[in-house]
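Just below is one structure, and these are the notes that go with it.
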Amino acid sequence: MAPPRNLSGQAREREPGAARRATLADVAAAANVSTSTASRALTNHPRITEATRQRVRDAAELLGFEANIQARSLRTNSSMLIGVVVPDIAIAFYASVLKGVQSVLEGAGYQVLVMNTEREAGHERAALRTLYARQVDGVLVATSGGFVQGDVPVVFFDHVLKGAGLGYTAPDNNGGIATLVEHLVEVHHHERIAYLGAPVAPSPNVDRLEYGPATERLEAFRLAMGRLRLPVVPEYVVAGDYEWSEPSAEHAVAQLLELDQPPTAIIAAGDTLALGALRELRRHGKRVPDDVALVSFDDPVSGDLLTPSMTALARHDRELGELGGRLLLDELRGSDPTRRGQAPTEIRVPLELVVRASCGCARHENGDEDETT
């Protein structure tokens, strides 16, 4: 076999020892630590100092060391793999949550395997069984109603099964919707407020779903309106589709505008619904916010660049993923043995209102900075 060549095309001699694959013992010797310390450093064990961890990483990179995952799995009874199951990876929310999960778990030495279910229970069952077959150490799930339990720790997020697994992380849907309603009523004096959400009845593709944001946000809207002694007009409660798609929001808003007395304000339960609503309002020649005010539960991507800029709740998607990742990591590390046998942990992420122009706060149309309340 011809010797390897460098970029100039010149043949170069093989370096001594290059044919032999570097071992963990080589890395430990180069970093002047024990083999066990090198192993812990490469898996981000919490008892290893950052200085030692970096020294071992540098030695591993210099030697071209690649861990034998299968051998480590047999030795430690851990695959160092975590499964994440999401309904729709194309949705910005789930992509951001995934980044949060990865930052926590990959920082602890785990690799993340992502499964997309297209919001179908059958796909979710298949995804979970595949992950269990791969012997993942744990899973994080935004369920679409097809959850099946394995023998590893489970954390839910966003779409959850209450009372199952270690617990769940989710936005503060009650507080967020209440903030939007109160702003429209107390600041802008709206009374005819419509709610644009997603269907609360289970999809035909869902086996069971004890909790979902569509259900909780609608309930929160009814409660907030009741506290302010305002009626919830049945015709003012409309829904898009199970995918929370923009076209479905356009159709729902068109129904609102056909009413003899249409609403003066719309609360969209998600960013894609808000964008569809804005498009349909424009199509009907409605001025936002002069004719109809519009606010969104989720801040759309570049919501400050829309015309008008969108009043919405600030996103904490990545934080939600980080919290879920830490909840799972604590269980895997056994750092809180008192948790065993206790009720699942419920973590709610608080949301703040970002005031812009679509609600009627016209001062933000002049290029002023957003106001967070």
Side-chain angles (χ1 to χ4, degrees), residues 86-88 91-94 96-97 100 119 140-145 155-165 167-185 193-203 206 209-228 230 232 236-244 249 265-274 277 294-300 303 310-324 327 344-354 359 372-373:
V86 298
D88 189 349
I91 299 287
F93 168 78
Y94 293 115
S96 296
V97 169
R119 302 182 186 272
L140 289 101
V141 184
T143 184
S144 293
V155 170
F156 293 94
F157 64 94
D158 194 41
H159 291 70
V160 310
L161 291 177
K162 289 186 176 180
Y168 68 85
T169 61
D172 181 8
N173 292 311
N174 289 327
I177 289 293
T179 297
L180 294 173
V181 172
E182 290 165 5
H183 182 77
L184 289 174
V185 174
I193 302 174
Y195 177 83
L196 169 60
V200 295
S203 160
V206 168
L209 185 58
E210 297 178 14
Y211 159 82
T215 301
E216 190 159 305
R217 291 175 196 177
L218 175 57
E219 292 175 353
F221 173 73
R222 296 184 188 279
L223 288 172
M225 293 287 282
R227 283 194 298 270
L228 295 170
L230 292 174
V232 177
Y236 286 0
V237 177
V238 294
D241 56 20
Y242 292 102
E243 286 71 41
W244 302 56
I266 299 173
I267 294 176
D271 54 345
T272 51
L273 298 176
L294 176 64
V295 297
S296 174
F297 186 91
D298 298 314
D299 194 1
M310 185 70 69
T311 293
L313 297 175
R315 304 188 77 112
H316 293 282
D317 308 345
R318 180 163 182 150
E319 179 186 356
L320 190 148
E322 290 171 351
L323 290 169
L327 182 59
T345 300
E346 299 182 11
I347 300 175
R348 292 286 181 171
V349 179
L351 308 169
E352 309 85 36
L353 182 65
V354 180
C359 62
T372 303
T373 60

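Here the structure is a predicted model, which is why all the values come from computation and not from measurement.
In terms of heavy-atom proximity, P300 sits nearest to A312 at CD-CB, 4.2 Å. Minimum interatomic distance between R348 and P350 (heavy atoms only, all atoms of both residues): O-CD, 3.5 Å. For the residue pair A214 and V200, the shortest heavy atom distance occurs at O-CG1, 3.6 Å. Between A249 and L196, the shortest heavy-atom contact is CB-CD2, 3.9 Å. Scanning both residues, L351 and P171, for their nearest heavy atoms gives CD1-CB, 4.1 Å.
Applying the side-chain hydrogen bond (donor to acceptor under 3.5 Å, both in side chains) criterion to D317, with sequence neighbours excluded, gives R315. R318 pairs by the side chain to side chain contact (heavy atoms under 4.5 Å, CB included) definition with K99, S103, E322, not counting sequence neighbours. Here E182 pairs with nothing under the side-chain hydrogen bond (donor to acceptor under 3.5 Å, both in side chains) rule; sequence neighbours left out. Remark: D88 engages no residue in a side-chain hydrogen bond (donor to acceptor under 3.5 Å, both in side chains) (not counting sequence neighbours). The side chain to side chain contact (heavy atoms under 4.5 Å, CB included) check on A269 picks up Y195, R217, W244, L273, with sequence neighbours excluded. Residues satisfying the side chain to side chain contact (heavy atoms under 4.5 Å, CB included) criterion with A194, sequence neighbours excluded, are Y236, L256, P263, I266. Remark: F156 engages F147 in a ring-ring contact (aromatic ring centres under 6.0 Å, His included) (not counting sequence neighbours). For E219, the side chain to side chain contact (heavy atoms under 4.5 Å, CB included) partners at least two apart in sequence or on another chain are T215.
Looking at V155 and V141, their side chains never come closer than 4.5 Å, going by heavy atoms from C-beta outward. The side-chain heavy atoms of V181 and F221, taken from C-beta on, include a pair separated by under 4.5 Å.
The distance from atom CG of L161 to atom OH of Y168, rounded to the nearest 0.5 Å, is 11.5 Å. To the nearest 0.5 Å, atoms OG1 (T179) and CG (L184) are separated by 11.0 Å. In this structure, CG on D271 lies 8.0 Å from CG on D299, to the nearest 0.5 angstrom. The distance from atom CG of D298 to atom NE2 of H316, rounded to the nearest 0.5 Å, is 11.0 Å. For the atom pair D172 CG and I347 CD1, the distance stands at 13.0 Å (nearest 0.5 Å). Separation of atoms CG (L323) and OG1 (T169) is listed at 6.5 Å; rounding is to 0.5 Å.
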Side chain to side chain contact (heavy atoms under 4.5 Å, CB included) between D158 and V97, worked out: CA-CA 10 Å; D158 194 41; V97 169; over 6 Å; no

